[in-house]
Structures are given as structure tokens and as C-alpha cells.
Novice: 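So that we are looking at the same thing, I have put the structure below in C-alpha cells.
Note that the coordinates shown come from a computational prediction; the quantities given were computed from them, not determined experimentally.
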Amino acid sequence: MNPSRWFLAVFLTVGASELCCAGPFHAQCKVDWYFGIPCLKVYEALVSQIQKWRTMAGCTSGGQKCLYKLKSASVHFIAAKHITPFKRSVDEITFRLVPFHFFTCCHVSAMSVSETWYAMKDHGTNYCNLYNLMEGSGLTEARGYREVTSDFLCTQRYSANCTVY
């Protein structure tokens, strides 16, 4: 085999194996949450928290619990955005709420995606965008609370420090 073809074949093989296990190509996070409470309560808590953190007030002592903006909301879907306080990067956030078990429980599928097209690493910011809202609203203490995600689904979740991001 021609040496340049051999190098290309090795490069593509190694690159492909890295990409298959590295997670998203773009800074983003997908999380599923389960609650033993109705979706209406989850919806109210999330919308209220997004509205509480719409100004810079939540970031005066550090962290990024501020500059959330509610774009649209219904009991089944919430769209918002988060602007990071220092770099002013914009992340699009969605929550899809699906009731189950005779409407007494709620499954929330959430996503945060960096608007910046070239953002590859985010220090767990997209995970923290979502988790901070869950924790701030008190939903992490709700009956039946369970989180399902992985480092593959959330860029740099393993290193996320949600008191900073």
C-alpha cells in the first residue's frame, strides 16, 4: 500500500473511532428527567425559575444563574434561551413534558444547544443550563426525581461545575 494511503487509512480509522465515542460534534446536552408529580407542577416550576433568573441579579456573586429568557411555553413544551454573563454566548433550551402513569407522573426531555456553530467544548455549560433550572426550581427534590443522561449526550458533562457554569 502506498505510504500516503496507509497514513490516510490510519488517520480516518483513528479519527472515526474517536468520533464514535466522543459525543456530540457541537456543544450541546440532552437530559431526560422523570418525576412522580404531574407535568403541570413541573411546567409551573420551570417557567417560574426561568422568569426569576431573567436579569443579571443571579450572577452577581458568580455562576451563570441569570440571563434566561422565556421564548414560549405550554404545559407540554417550553422554549427558552440562556445568555452566558461574560462571553455573551447564546444557548437554545427546550423542555418537552410528557405525562405518564395516568397523568400523575412526568417525563421531561430537555435539550440545550450552543448557538455558536463552532463551539465544540463548553465545560458542561449546556448541562448546567438545564440542571441549574431543575435545582433552582426545587425539582431535584421532587418525589420520584430521576435523571438520565451520559457524557456522550452532554458535552463535557463529566467536568461540569454548575456553581461556575
Novice: Rounded to the nearest 0.5 Å, what separates atom NE2 in His82 from atom CD in Glu115?
Specialist: 13.0 Å
Novice: Apply the test ring-ring contact (aromatic ring centres under 6.0 Å, His included) to residues His107 and Tyr34: give CA-CA distance (whole Å), side-chain angles for both, the deciding distance (0.1 Å), then the verdict.
Specialist: CA-CA 5 Å; His107 169 219; Tyr34 297 87; 4.5 Å; yes
Novice: Please name the pair of heavy atoms, one in Trp53 and one in Gly136, separated by the smallest distance, quoted to 0.1 Å.
Specialist: CH2-CA, 3.9 Å
Novice: So, do Leu46 and Met134 sit near enough that their side-chain heavy atoms are less than 4.5 Å apart?
Specialist: yes
Novice: Just by distance, with hydrogens left out, do Lys30 and Ser109 show a side-chain donor and acceptor under 3.5 Å apart?
Specialist: yes
Novice: With side chains defined as the heavy atoms from C-beta onward, is the minimum distance between Tyr131 and Thr140 less than 4.5 Å?
Specialist: yes
Novice: Quick check against the 3.5 Å criterion: does Thr155 have a side-chain atom that pairs as donor or acceptor with the backbone of Gln28?
Specialist: yes
Novice: Report the C-alpha distance between Ile37 and Tyr145 in whole Å, list the side-chain angles of each, state the deciding distance to 0.1 Å, and finish with yes or no for side chain to side chain contact (heavy atoms under 4.5 Å, CB included).
Specialist: CA-CA 9 Å; Ile37 59 175; Tyr145 169 82; over 6 Å; no
Novice: With side chains defined as the heavy atoms from C-beta onward, is the minimum distance between Val108 and Asp32 less than 4.5 Å?
Specialist: no
Novice: Can I get a per-line list of side-chain donor-acceptor pairs under 3.5 Å for residues 83-96, giving both atom names and the distance, sequence neighbours left out?
Specialist:
{"residue": "Thr84", "atom": "OG1", "partner": "Arg88", "partner atom": "N", "Å": "3.2"}
{"residue": "Thr84", "atom": "OG1", "partner": "Ser89", "partner atom": "N", "Å": "2.9"}
{"residue": "Asp91", "atom": "OD1", "partner": "Ser114", "partner atom": "OG", "Å": "3.1"}
{"residue": "Asp91", "atom": "OD2", "partner": "Asn129", "partner atom": "ND2", "Å": "2.9"}
{"residue": "Glu92", "atom": "OE1", "partner": "Lys71", "partner atom": "NZ", "Å": "2.6"}

Novice: Report whether Phe100 and Phe35 are members of the same hydrophobic cluster (ILVMFWY, side-chain heavy atoms less than 4.5 Å apart, transitive linking).
Specialist: no
Novice: Considering non-hydrogen atoms only, spot the tightest contact between Leu130 and Cys29 and give its length.
Specialist: CD1-O, 4.0 Å
Novice: Please walk me through it: do Ser150 and Leu153 pass side chain to side chain contact (heavy atoms under 4.5 Å, CB included)?
Specialist: CA-CA 5 Å; Ser150 68; Leu153 296 172; 3.5 Å; yes
Novice: Any side-chain heavy atom of Pro99 within less than 4.5 Å of one from His76?
Specialist: yes
Novice: Is Ser48 reaching over with its side chain to a backbone N or O of Ala45, donor-acceptor style, under 3.5 angstrom?
Specialist: no
Novice: If you round to the nearest 0.5 Å, how far is OH of Tyr127 from CG of Asp151?
Specialist: 10.5 Å
Novice: Provide the closest heavy-atom pair for Lys65 versus Cys59 in the form atom of the first, atom of the second, distance.
Specialist: N-SG, 3.5 Å
Novice: Taking all atoms of both residues into account, what is the closest heavy-atom pair of Gly124 and Ala160, and its distance?
Specialist: CA-CB, 3.8 Å
Novice: Walk me through whether Thr55 and Cys66 qualify under side chain to side chain contact (heavy atoms under 4.5 Å, CB included).
Specialist: CA-CA 6 Å; Thr55 67; Cys66 62; over 6 Å; no
Novice: What are the two closest heavy atoms between Gly36 and Cys105, and how far apart are they?
Specialist: CA-SG, 3.9 Å
Novice: Report yes or no: do Met56 and Leu70 belong to one cluster of Ile/Leu/Val/Met/Phe/Trp/Tyr joined by side chain heavy-atom distances under 4.5 Å?
Specialist: no
Novice: Tyr68 ring centre to Arg54 NZ or CZ under 6.0 Å, with the angle to the axis within 45°?
Specialist: no
Novice: Determine, using the 4.5 Å side-chain heavy-atom cutoff (strictly less than), whether Leu133 and Leu139 are members of one ILVMFWY cluster.
Specialist: yes
Novice: Does Ile50 form a side chain to side chain contact (heavy atoms under 4.5 Å, CB included) with Lys52? I'd like the steps, not just the answer.
Specialist: CA-CA 6 Å; Ile50 290 166; Lys52 282 180 189 170; over 6 Å; no
Novice: So Phe152 and Arg157, do their side chains get closer than 4.5 Å, heavy atoms only?
Specialist: no
Novice: Give, for atom CG of Leu67 and atom NZ of Lys81, the distance between the pair rounded to the nearest 0.5 Å.
Specialist: 11.5 Å
Novice: Please examine the side chains of Ile78 and Leu97, heavy atoms only from C-beta on, and report whether any two atoms are closer than 4.5 Å.
Specialist: yes
Novice: Find out if a path of hydrophobic residues (ILVMFWY) with successive side-chain heavy-atom gaps under 4.5 Å connects Val113 to Tyr165.
Specialist: no
